[in-house]
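A short write-up of the structure that comes next.
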Protein chains: 2
Amino acid sequence: MESLETTASHAFAESDRAAVYRAIHTRRDVRSEFLPQPVDDAMLARLLLAAHHAPSVGFMQPWNFMVIRSMAVKRAVHQRFQRANEEARALFPDHKRDIYSSLKLQGILDAPINLAITCDRSRSGPVVLGRTHMPSMDLYSSVCAVQNLWLAARAEGLGVGWVSIFHEAALQEALGIPPAIVPIAYLCIGHVSHFDNQPALEKIGWLPRLPLEDLVYLDQWGNTDGASHQTLLAQLGAVQAAYEAAR
Amino acid sequence: MESLETTASHAFAESDRAAVYRAIHTRRDVRSEFLPQPVDDAMLARLLLAAHHAPSVGFMQPWNFMVIRSMAVKRAVHQRFQRANEEARALFPDHKRDIYSSLKLQGILDAPINLAITCDRSRSGPVVLGRTHMPSMDLYSSVCAVQNLWLAARAEGLGVGWVSIFHEAALQEALGIPPAIVPIAYLCIGHVSHFDNQPALEKIGWLPRLPLEDLVYLDQWGNTDGASHQTLLAQLGAVQAAYEAAR
């Protein structure tokens, strides 16, 4: 029993645990709901500190944070989005192209803060602990910084939208980013009128939420046999029912 | 004033906001502190649901979750880690190689749950909204799932360690993962004796925490001029001082 008590002591209190799950489950990719109110600098600083405390491979901290406030720079970025978006639109089959055209996919000019998060792959020298066999690990570290910031923003009541419809070189050019630095995410950040109850692409029927049960395997790819797997599936059902009931 | 009230209503209450930041700032990459206690299935189910609610490009949800409980499979994975780790060790310069050798870099055999998170790049067909110009966006979506799970685990009192010292093909072989499916993260999950106060690699002096101020630019790469940037730097200082004082 003593070890169980030790274990329990590292868990957050119930209400704090619920707050973390609330950030995770009510986070949205915001495109249309930005308000013009400025973002407080202390709030932005807390978001950046949260991003800076993401995990990074070999503790290399490969990220930079480019805060974009200039309307001229936002316009330059927006033009590059529009060009890429025309190209992307043409690739969809007819029945999806009309829906695609009707979607607002970015809030570049609406959001008071735009933020580019990058990855400097040479940050701590050529050999990085944990990157030698999986060379993308440094890029993934910068992605973890994005997700930390996104969840912190939700807790602050700020919306975040990740815009990925750019040619990498065009974005580098608009922001003066050297060719060796990888742009990971271009984020629009601001206060919002509301947070949708579900992801926008789910809401409009672009794609359905996949059943979580179908995505979980035991020990080997594709394996769903085994008593422990059935127990887990039952719990997945219960946890999802509780989640749906609370929405 | 009315719009400010509307704005404020989306922010979490102060204690809930603090809980989200606590998860972000006290999350650790755990390698040595795993306890043998089993992980409750309901807890694991909550973690998987949190991962499943990560953002994904075009709502494609490209992830699968492989729960590894079999000691035989863990041993097979551990052997592949050992082989890759010998190769990695040899790449470090002399003065770092001894430190590297002394580090425990994984808890594969110690953690009751191992979890592989993958990316199926063909999940929703060849054309994915938001991936046409940045082809790595689907991989990044699976990374966001990792970070969601990691923060949820911290709130549950569970430690998580991300092991990346594998040849991709060797990991695919040990887990029966098809060649077209990308292994993104191999995670060790379990209860822990304690969470360190700072990242292990920072603690032992492998690399220092970078000053956040040096990583933030305004409008263009490398630019630190401008009154708004000075104001933000002052806030970054204040936020970091508050963070350090609270540790």
Side-chain angles (χ1 to χ4, degrees), chain A residues 7 10-12 16-17 19-20 23-25 29 37 41-42 45-46 49-50 52-53 55 59 61 64-68 70 73 84 88 91 127 130 132-134 137 140 143-144 147-148 155-157 164 166-167 176-177 191 201 207 210 212 215-221 231-232 235-236 239, chain B residues 7 10-12 16-17 19-20 23-25 29 37 41-42 45-46 49-50 52-53 55 59 61 64-68 70 73 84 88 91 127 130 132-134 137 140 143-144 147-148 155-157 164 166-167 176-177 191 201 207 210 212 215-221 231-232 235-236 239:
Chain A
T7 293
H10 299 304
F12 287 11
D16 289 350
R17 199 167 58 88
V20 173
I24 287 170
H25 289 298
D29 200 329
Q37 276 105 317
D41 276 310
R46 289 194 294 271
L49 188 64
H52 187 44
H53 281 253
F59 202 54
Q61 309 156 72
N64 281 88
F65 307 103
M66 298 183 64
V67 178
I68 292 125
S70 153
V73 176
L91 298 175
V127 186
T132 51
H133 292 80
M134 293 199 157
M137 282 298 294
Y140 297 172
V143 175
C144 289
Q147 188 63 4
N148 263 12
E156 299 276 7
S164 57
F166 297 112
H167 288 283
I177 298 174
H191 293 282
L201 293 179
L207 281 173
L210 298 174
L212 177 53
L215 304 176
V216 182
Y217 298 140
L218 174 66
D219 288 328
Q220 292 286 301
W221 183 266
T231 312
L232 179 58
Q235 289 297 339
L236 284 175
V239 163
Chain B
T7 292
H10 300 303
F12 287 11
D16 289 351
R17 199 167 58 89
V20 173
I24 287 170
H25 289 298
D29 199 329
Q37 276 105 318
D41 276 310
R46 289 194 292 272
L49 188 64
H52 188 42
H53 281 254
F59 202 54
Q61 307 157 73
N64 281 87
F65 306 103
M66 299 184 62
V67 178
I68 292 123
S70 154
V73 176
L91 298 175
V127 186
T132 51
H133 292 80
M134 292 198 158
M137 281 300 293
Y140 297 172
V143 174
C144 288
Q147 188 62 5
N148 263 12
E156 299 276 8
S164 58
F166 297 114
H167 288 283
I177 299 174
H191 293 283
L201 293 179
L207 282 173
L210 298 175
L212 176 52
L215 305 176
V216 182
Y217 298 139
L218 174 66
D219 288 326
Q220 291 287 301
W221 183 265
T231 312
L232 178 58
Q235 288 297 340
L236 285 174
V239 163

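As the structure is a computational prediction, the values presented were derived from the model and not from experiment. In what follows, chains are A, B, ... by sequence order, proteins preceding strands, each numbered from 1.
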[X] to [Y] - nearest heavy-atom pair and separation:
X: B/Gly130; Y: A/Ser164; result: O-OG, 2.6 Å
X: B/Tyr217; Y: A/Asn64; result: CE1-ND2, 3.6 Å
X: B/Ala45; Y: A/Val239; result: CB-CG2, 3.7 Å
X: A/His133; Y: B/Ala84; result: CE1-O, 3.0 Å

Which residues satisfy the side-chain contact (heavy atoms from CB on, under 4.5 Å) test with A/Ser70, sequence neighbours excluded?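 For A/Ser70 the side-chain contact (heavy atoms from CB on, under 4.5 Å) partners, ignoring immediate neighbours, are A/Ala72, A/Val73, B/Asp219.
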
Pairing residues for A/Val216 by the side-chain contact (heavy atoms from CB on, under 4.5 Å) criterion, not counting sequence neighbours: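 Checked A/Val216 against side-chain contact (heavy atoms from CB on, under 4.5 Å); matches are A/Leu212, A/His229, A/Leu232, A/Leu236, B/Leu48, B/Phe65, B/Val67.
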
Please identify, among [options], the residue contributing the most non-hydrogen atom pairs under 4.5 Å to chain B.
options: A/Ile68, A/Ile24, A/Leu218, A/Leu201; value: A/Ile24
options: A/Asp16, A/Thr132, A/Val20; value: A/Val20
options: A/His52, A/Gln235, A/Met66, A/Met134; value: A/His52

First locate atom CG of B/Asn148, then atom SG of A/Cys144, and finally report the distance between them rounded to the nearest 0.5 Å.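 Going from CG on B/Asn148 over to SG on A/Cys144, the span is 10.0 Å.
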
Can you tell if the side chain of B/His10 reaches within under 4.5 Å of the side chain of A/His191, non-hydrogen atoms only?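 Answer no - side chains too far apart.
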
Would a 4.5 Å heavy-atom cut-off, applied to side chains only, mark B/Val143 and A/Gln147 as touching?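 A side-chain contact under 4.5 Å is absent here.
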
Largest heavy-atom contact set with chain A, pairs under 4.5 Å, which of B/Arg46, B/Met137, B/His167: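 The residue among B/Arg46, B/Met137, B/His167 with the greatest pair count is B/Arg46.
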
Stepwise side chain to side chain contact (heavy atoms under 4.5 Å, CB included) check, A/Ile177 with B/Gln220: CA-CA 7 Å; A/Ile177 298 174; B/Gln220 291 287 301; over 6 Å; no

Ignoring hydrogens and geometry, is there a side-chain-to-backbone donor-acceptor pair from A/Gln61 to B/Leu210 under 3.5 Å?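 Yes; judged by distance alone, with no hydrogens or angles, the pair exists.
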
